There are 2 protein chains.
Amino acid sequence: MQEADTFHETLTRLRGKGERLTYPRRKVLEVLIRSGDHLTVNDVQRVLQQAGEVMDTATIYRVLQWLKQVGLISQTDLGGEAIVYQVIDDHRHHHLVCLSCGSISELDDRVLDVLRRTLRRNYDFEPRIDHLAIFGLCRECRAKSHTTARAGMTHE
Amino acid sequence: MQEADTFHETLTRLRGKGERLTYPRRKVLEVLIRSGDHLTVNDVQRVLQQAGEVMDTATIYRVLQWLKQVGLISQTDLGGEAIVYQVIDDHRHHHLVCLSCGSISELDDRVLDVLRRTLRRNYDFEPRIDHLAIFGLCRECRAKSHTTARAGMTHE
DNA sequence: CTACATGCAAATCCTTTGCATCCAC
DNA sequence: GTGGATGCAAAGGATTTGCATGTAG
């Protein structure tokens with residue numbers, strides 16, 4: 001696996017940039033890379049705890065802000081409890097969130113390329129769509145809604 | 001103007017559906033329709049106050065939840081202080097939010113039609129993109145960033 | 001009349017901040 | 001050694017909830 005490589009390369013690159021590599025920073029980054037998934041501050045804290053690491057919430061927030069600033073992670077509001085963070089990797093993807101059942105599925109990034117081009121060309125806007133959440137009805141709930149007319153449209 | 005008509009038609013339709021039309025519900029809906037803009041809970045409360053109406057925050061939240069449930073308004077997180085609400089009208093539009101200066105410009109809804117079709121066809125997902133916020137760099141900040149290398153990438 | 005909405009206050013929960021201490025460089 | 005990061009505690013701000021009361025249907 002190249003996971004470890006990615007991690008160390010990243011650390012080296014950051015050091016080169018003159019960034020301070022503290023213990024919390026390395027740990028949080030490691031958690032995010034290993035998971036590869038979108039995590040809330042709480043998730044990160046829980047994972048660390050399970051590994052025997054106790055880390056203050058405020059520290060995690062600050063580390064995440066830093067990671068975002070140096071461009072390693074993206075921040076998104078999936079409409080859930082809290083904001084989620086995830087590493088910006090090559091396999092960039094987005095999410096389809098079902099308004100009815102809450103299920104979340106992945107959306108390939110390339111689907112957005114058309115939109116990006118339009119925004120650049122027609123709006124003079126340089127989009128940074130690192131992590132998008134699109135709400136709607138998933139296949140199953142879509143089927144249900146045909147019969148049940150209108151059901152739980154509550155969520156988000 | 002058909003504003004008033006829209007308002008009364010809506011009330012009639014809701015009554016027909018068996019929804020309870022209380023004073024707060026009518027007032028909040030009126031504010032949103034008259035504004036036509038995206039408002040936070042605080043905005044709604046302020047507008048009401050300026051009209052001499054005192055309304056509890058909790059009530060406004062509950063009314064907004066209800067309005068969302070009956071499909072009259074949409075809810076979006078523009079990355080600001082709080083969530084914004086707005087009536088779902090025919091002139092549906094979205095927002096381009098600049099990560100650097102925070103400026104917000106409009107995006108015509110039709111730009112998203114291609115994406116909608118793709119989602120329906122390839123993902124079996126029925127999107128409800130009522131109000132989308134896309135982050136990135138506006139024309140001006142885009143120009144600046146060419147010279148200044150990297151500036152305030154902080155926001156959201 | 002009765003179910004449901006409102007008002008009030010208190011609670012929750014996510015996120016930020018002040019400040020003394022600590023540590024990476 | 002020193003500026004910046006951390007830990008702790010406390011504040012801040014948006015949103016929710018419990019409960020008694022009011023009111024639309």
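Numbers restart at 1 for each chain; the letters A, B, ... are given by sequence-line order, proteins then strands. Note that the coordinates shown come from a computational prediction; the quantities given were computed from them, not determined experimentally.
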Whole angstrom is fine here: how far is it from CG in B/L48 over to C1' in C/dG7? 15 Å
Evaluate the criterion side chain to side chain contact (heavy atoms under 4.5 Å, CB included) for residue pair B/R120 and B/F125; output intermediate values, then yes/no. CA-CA 5 Å; B/R120 273 191 279 261; B/F125 187 83; over 6 Å; no
Expressed in angstrom and rounded to an integer, what is the separation of B/D56 atom CG from D/dA14 atom P? 15 Å
Of the candidates C/dC14, D/dA14, C/dC8, the side chain of A/A82 sits closest to C/dC14
State whether the distance check finds a donor on one side and an acceptor on the other, under 3.5 Å, for side chain A/R20 versus base C/dA24. yes
Closer than 4.0 Å, any side-chain N/O of A/Y61 to the OP1 or OP2 of C/dT16? no
Between atom CG in B/L67 and atom P in C/dT6, what is the gap in whole Å? 10 Å
How close or far is atom P of C/dC14 from atom CD of A/Q75, stated in whole angstroms? 15 Å
Just to be sure I understand the rule, does A/R25 reach a base, reach only the sugar-phosphate, or reach nothing, if contact means heavy atoms closer than 4.0 Å? sugar-phosphate
Given D/dT16, C/dT16, D/dA14, which nucleotide is nearest the side-chain atoms of A/A58? C/dT16
Student check: side-chain heavy atoms of B/D43 and B/R46 closer than 4.5 Å: yes
Apply side chain to side chain contact (heavy atoms under 4.5 Å, CB included) to residues A/Y85 and A/V44 and explain how you reach the verdict. CA-CA 9 Å; A/Y85 301 84; A/V44 173; over 6 Å; no
Check if the side chain of B/R62 and the base of C/dG7 share a donor-acceptor pair of N or O atoms closer than 3.5 Å. yes
Atom CD of B/E19 and atom P of D/dG25: how far apart are they, to the nearest Å? 11 Å
Return the value, rounded to whole Å, for the distance between atom CD1 of A/I60 and atom P of C/dT16. 13 Å
Flag yes if B/L21 and B/I33 sit in one hydrophobic cluster, no otherwise; membership is Ile, Leu, Val, Met, Phe, Trp, Tyr, and two members link when side-chain heavy atoms are under 4.5 Å apart. yes
Select from A/V54 and B/T57 the residue whose nearest nucleotide in DNA chain D is closer to the 5' end of that strand. A/V54
Using a cut-off of less than 4.0 Å, is there contact between a side-chain N or O of B/T22 and OP1 or OP2 of C/dT6? yes
Over how many whole Å does the gap from A/I83 atom CD1 to D/dA14 atom C1' extend? 12 Å
Starting from C1' on D/dT15, measure out to NZ on B/K68 and report it in whole angstrom. 12 Å
For B/Q65 and D/dT16, is the shortest distance between a side-chain N/O and OP1 or OP2 below 4.0 Å? yes
Please step through side chain to side chain contact (heavy atoms under 4.5 Å, CB included) for the pair A/I129 and B/F135, ending with a clear verdict. CA-CA 7 Å; A/I129 315 180; B/F135 296 88; over 6 Å; no
